[in-house]
Number of protein chains: 2
Amino acid sequence: MKIEDKLLKNKVKPTAMRLLVLRKLMERNSAIGLTELENLFDKVDRTTLYRTLKTFEKNKLIHSIDDGTGMTKYALCLEGCECNPEDLHVHFHCNNCKETFCVTDTGIPLVQLPMNFKLEEINMVIKGICSSCK
Amino acid sequence: MKIEDKLLKNKVKPTAMRLLVLRKLMERNSAIGLTELENLFDKVDRTTLYRTLKTFEKNKLIHSIDDGTGMTKYALCLEGCECNPEDLHVHFHCNNCKETFCVTDTGIPLVQLPMNFKLEEINMVIKGICSSCK
DNA sequence: AAACCGGTGCAATAGAGTTGCAAAGTTTTA
DNA sequence: TAAAACTTTGCAACTCTATTGCACCGGTTT
């Protein structure tokens, strides 16, 4: 799918900036943080990127990941993702190369919660060493 | 067990400050962040609390939890905890009262990782509404 | 053309975490 | 017991990410 169409499909007006950012995200196979994203460009404003990511997130183009590094990371949503609990997947953070990956082939296992606890979201991050760093 | 003994058992010198902090932690049934902890006292230094928590963590009296709120929370380890993956448990964060609880009755379910990924730690936080807020 | 509006850029702020340094307190050693 | 050595504590300062306010710019509508 063309990048522009992807934006339109999620009701995001395709500005030059947004096309650039989405392209960068699509070129990646790991999640990216704001500062990292900033470094992929020669000269952009951090705030603009910040708001671009927020916009993408609100429109479910990307989801945010808190991998415990203190920096929020973002990764592309899968086709048709609504960011509901059942759409969520595990994330893996490599303690060596510090990359964070989506583990999309396994869903998050269900956990028995104590009585009367209502589930709304799940965040599961596994840390270790990724295959490239082995 | 007396509070002082608990410290000694984990090889932490029982200073007045540490006794106070550990007591506060034991009075709680939910995890606590640095700022919250600070507010439980009339007049303490943030840095001292910070370092006290770090010391406790290093000596496995408490474990830290990243519940995605941006503030690291701390909660008492269970008896005999070595903070290994198999000692870890799920945490529950209430979106209403913002408290974070340890769900100690269920371990973290194992997840099949992609080939050649090595697990070292797991952080699993479930968000929703706790029984008190229902 | 004027008013409007979303998007962008710059500057400034907020808040958590962290570090350096010196004072106070404890323990060890001569 | 006194001096030296080490640990803990308190204060101040700083880092870094996230976030907000405000002004400007470009395109669109009236």
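So that the names make sense, note that chain A is the first sequence line, chain B the second, and so on, each numbered from 1.
- One finds a side-chain N or O of B/Lys54 lying less than 4.0 angstrom from the OP1 or OP2 phosphate oxygen of C/dT18.
- Aromatic ring centroids of A/Tyr74 and A/Phe56 lie 6.0 Å or more apart.
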Problem - side chain to side chain donor-acceptor pair (under 3.5 Å) evaluation trace for B/Glu121 with A/Asn95 - result: CA-CA 10 Å; B/Glu121 316 153 51; A/Asn95 283 328; 3.3 Å; yes

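- B/Thr35 comes within 4.0 angstrom of sugar-phosphate atoms only, judged by non-hydrogen atoms across all strands, and of no base.
- Remark: the B/His89 side chain and the B/His91 side chain contain an N/O donor-acceptor pair separated by less than 3.5 Å.
- Between B/Glu4 and B/Lys9, no side-chain nitrogen of the basic residue sits less than 4.0 Å from a carboxylate oxygen of the acidic one, so the salt-bridge criterion is not met.
- Within the structure, every side-chain polar atom (N or O) of B/Arg46 is placed at least 4.0 Å from both OP1 and OP2 of D/dG10.
- Distances shorter than 4.0 Å separate none of the side-chain N or O atoms of B/Thr15 from OP1 or OP2 on D/dT7.
- Here A/Tyr50 does not reach the OP1 or OP2 of D/dA18: none of its side-chain N or O atoms lies under 4.0 Å away.
- Taking a 4.0 Å limit (strictly below) on heavy-atom distances, residues 57-75 of chain A reaches DNA chain D at A/Gly70, A/Met71, A/Thr72.
- No more than 12 heavy atoms of other residues, nucleotides or ligands lie within 6.0 Å of NZ in A/Lys58, so this atom counts as exposed by the packing criterion.
- Annotation: A/Glu120, atom CD; neighbour count of heavy atoms from other residues, nucleotides and ligands within 6.0 Å is above 12.
- Considering B/Leu37, B/Thr48, B/Ile32 as possible partners of B/Leu53, the one that fulfils the side chain to side chain contact (heavy atoms under 4.5 Å, CB included) test is B/Leu37.
- A/Ile126 CD1 to B/Leu113 CG: the interatomic distance, rounded to the nearest 0.5 Å, is 4.5 Å.
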For nucleotides 9-11 of chain C, tabulate all protein N/O to nucleotide N/O atom pairs closer than 3.5 Å, reporting atom names and distance.
{"unit_1": "C/dG9", "atom_1": "OP2", "unit_2": "A/Thr48", "atom_2": "OG1", "d": "2.9"}
{"unit_1": "C/dG9", "atom_1": "O6", "unit_2": "A/Arg51", "atom_2": "NH2", "d": "2.6"}
{"unit_1": "C/dC10", "atom_1": "N4", "unit_2": "A/Thr47", "atom_2": "OG1", "d": "3.3"}
{"unit_1": "C/dA11", "atom_1": "N6", "unit_2": "A/Thr47", "atom_2": "OG1", "d": "3.3"}

